[in-house]
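Quick caveat: nothing in here was measured; it's all calculated off a predicted structure.
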Amino acid sequence: FVHNSTGGDSADRGQHPDAPFASLDYAIGRCSANQGDRIYLMPGHTETLTASITMDVAGVTVTGMGEGIDRPELVANGAIDLITVTATDCVIENVYFQEALAAATANINVAAARVTIRNCMFELGTNDLDNITIPAGGTSCTIEDCTFRVTANGPDSAITIEGGCDNLSVRRCYFDGGSTTNTWDDAAFDFGSTTPVNVRIEDNTFTYTTACLSTGATPRVMGGNRYLRGARPAAGASVTFYASPTVSGVKSGTAEDPTTLKDAVDLCSAGDI
């Protein structure tokens, strides 16, 4: 258990919520590899970091406790990868990553195989350039049920693929570029010139962003994704809008689900249907 205001980093603490550790980094150091160890970041726990946390113990799960703003908060305050994962089979779930206070290189750098990032919230401001970075070592990474929201002009991407990290799966996430001004400078996904295989981007929702940027021949599966106001799969790709007068069923009656022909036309760019 970890809580910054009630905890202390000493070996006699950490195994009960009434006597937690004070920092995530210390808790990782107390874990044993491949034993199913779990670190609970308690509600209200906060850390503002000027040096990177390294998850270098295999099979460790970091779980944030609480809901909404009660979830534990991590904030980068330096040109750092806030968390870099170098050990296999680690999980990070239900953690709130607040806007960086300095030009951070990433909130999470996935440099090991079979890492899962689940149900996390990423608020991305002026100093958040690339948010989740995945080099070649980050094979079989799963990112699911997360929210990525741009709050100020500056971020380049939500997920940047830096190498041939095969078997990437991203599903049921919400990518909100914020506005036409604030949206990611590159795209929600930046593949660059990399060519990973078996990439699955499925059942996600995009708004105010181009979903994918790639200058290489990147094989990927994109299915079941939803593109709302200001979003499209790739630059120049057409989007189909359906206008319906009913607000029942799948139609919400909002500007993203137009109820009139005029509303639908207002959403369109060249080539749309």
[X] (side chain) donor-acceptor with [Y] (main chain) under 3.5 angstrom:
X    : Y    : answer
D266 : A264 : no
D145 : R118 : no
E99  : T151 : no
D9   : A22  : yes
T207 : R229 : yes
T105 : D81  : yes
R38  : G36  : no
D186 : S157 : no
N94  : G64  : yes
T183 : Y208 : yes

So how far is it from L41 CG to T63 OG1, rounded to the nearest 0.5 Å?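 Going from CG on L41 over to OG1 on T63, the span is 8.0 Å.
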
Is the shortest side-chain heavy-atom distance between [X] and [Y] below 4.5 Å?
X    : Y    : value
D156 : D190 : no
N131 : F97  : no
I143 : V110 : no
N198 : D166 : no
D130 : E162 : no
D176 : T147 : no
F175 : N225 : no
N153 : D185 : yes

Sidechain N-carboxylate O distance under 4.0 Å for D89, R114: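 Yes, charged N to carboxylate O under 4.0 Å.
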
Pair E144 + R172: basic N to acidic O under 4.0 Å: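 Between R172 and E144 there is a salt bridge, with a charged N closer than 4.0 Å to a carboxylate O.
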
Against H3, only a single residue in S23, P20, P72 fulfils side chain to side chain contact (heavy atoms under 4.5 Å, CB included); can you say which?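 Only match with H3 under side chain to side chain contact (heavy atoms under 4.5 Å, CB included): P20.
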
Full working for side chain to side chain donor-acceptor pair (under 3.5 Å) between T133 and N109: CA-CA 5 Å; T133 53; N109 180 55; 2.7 Å; yes

Ring pair (Phe, Tyr, Trp, His ring centres under 6.0 Å) contacts in which one or both residues fall within residues 43-73, not counting sequence neighbours: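 Matches after skipping sequence neighbours: none remain.
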
